[in-house]
Amino acid sequence: MTILVSEVGPRDGLQSVKSIMPIEAKKAWVSAEAAAGVREIEVGSFVPAKLLPQLADTAELVKYARTIPGLTVAVLVPNLKGAEAAVEAGVHKITIPLSVSETHSLRNVRRTHAQMLDEVKGIVALLRSLPKDRRPKFEGGLSTAFGCTLEGLIPADKVVALAESLMTAGCDEIGLSDTTGYANPSQIRELVRRVLSTVGNHALAGLHLHNTRGLGLTNVLAGIEVGITTFDSSLGGLGGCPFAPGASGNIVTEDLVFMLEAMGLTTGINLTKLIEVRGILREALPSEELYGFTPDAGLPLGFKQGPV
Ligand code: ZN
């Protein structure tokens with residue numbers, strides 16, 4: 001079985017650190033990961049540079065990443081304006097985050113669910129006006145799907161209803177994000193099953209899991225058990241977790257790839273090469289902590305390495 005590991009470090013990781021990574025280092029990072037076998041990378045976010053100066057060079061990075069053969073270049077957009085910039089830059093995939101917790105949505109992007117769905121419809125209209133071969137894939141990413149730091153428990157019914165609304169509005173697929181690191185394996189199995197049975201097997205793109213409480217990889221396994229084959233992760237767990245000092249936020253790409261390959265699943269990623277990419281981060285962001293058990297402990301003796 002093949003699992004798609006989608007690297008989100010250049011977006012999710014960099015947006016949560018204070019340091020600004022120079023564009024040349026970003027390019028080196030993206031191309032080194034692609035050379036290690038990573039097939040999809042979320043390279044940035046089209047938000048005003050005033051809000052996230054770390055990602056101000058997203059358009060340039062998209063243009064560069066597009067020259068790497070076989071790489072899917074993904075970005076996050078908060079609204080139609082961001083989507084227009086993403087299309088202009090030539091991305092392959094656009095994700096718009098929609099927080100299932102409306103309190104979080106209002107706090108984060110100052111928009112209600114109804115306003116966000118209008119934004120989604122505007123993006124769908126834009127994408128449908130493009131020739132098919134230039135039309136990026138459009139994912140609705142349901143954040144805080146497993147719990148919210150403001151609202152607490154998020155009822156599964158709410159997640160399912162919003163997943164349906166996003167598909168009706170014209171999204172190609174849905175993603176589920178454990179933004180707060182609240183999820184547990186039983187909850188993953190139950191919610192994934194429910195969303196799959198509502199939107200169909202083709203329409204649940206993947207899971208974006210956090211390791212805030214140490215359950216990141218356990219939750220990946222639960223997702224695999226119910227048919228999920230795409231997982232987001234961040235090299236070195238870059239960005240850490242604001243709620244748990246010393247803990248990674250996003251699951252660590254190196255540990256994820258180690259678990260999958262050790263289990264005999266196929267990622268297409270060469271782990272030795274992947275671990276070497278950390279050198280680029282260490283050099284460009286010397287003050288940021290990098291996480292990961294596998295890079296620290298090394299590969300087990302006799303570990304069967306992926307493609308070179
Ligand atoms: Zn994340």
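Only heavy atoms go into these numbers, but all of them, side chains included; no hydrogens, no water, no symmetry mates. First listed ligand is number 1; within each ligand, the first listed atom is number 1.
- With a 4.5 Å cut-off on side-chain heavy atoms, Ser233 and Val5 count as touching.
- Note on Phe231: it clusters hydrophobically with Val195, by side-chain heavy-atom contacts below 4.5 Å among ILVMFWY residues.
- For the pair NE2 of His208 and OD1 of Asn250, the angle whose vertex sits at the Zn ion (ligand 1) is 90° to 10 degrees.
- Leu80 and Leu51 end up in different hydrophobic clusters when Ile, Leu, Val, Met, Phe, Trp and Tyr side chains are linked at under 4.5 Å.
- Taking the Zn ion (ligand 1) as reference, the nearest N/O/S atom within His210 carries the name NE2.
- Under the side chain to side chain contact (heavy atoms under 4.5 Å, CB included) rule, Pro136 has a single partner from Val75, Leu130, Asp172, which is Leu130.
- Within Asp12, the N, O or S atom at minimum distance from the Zn ion (ligand 1) carries the name OD2.
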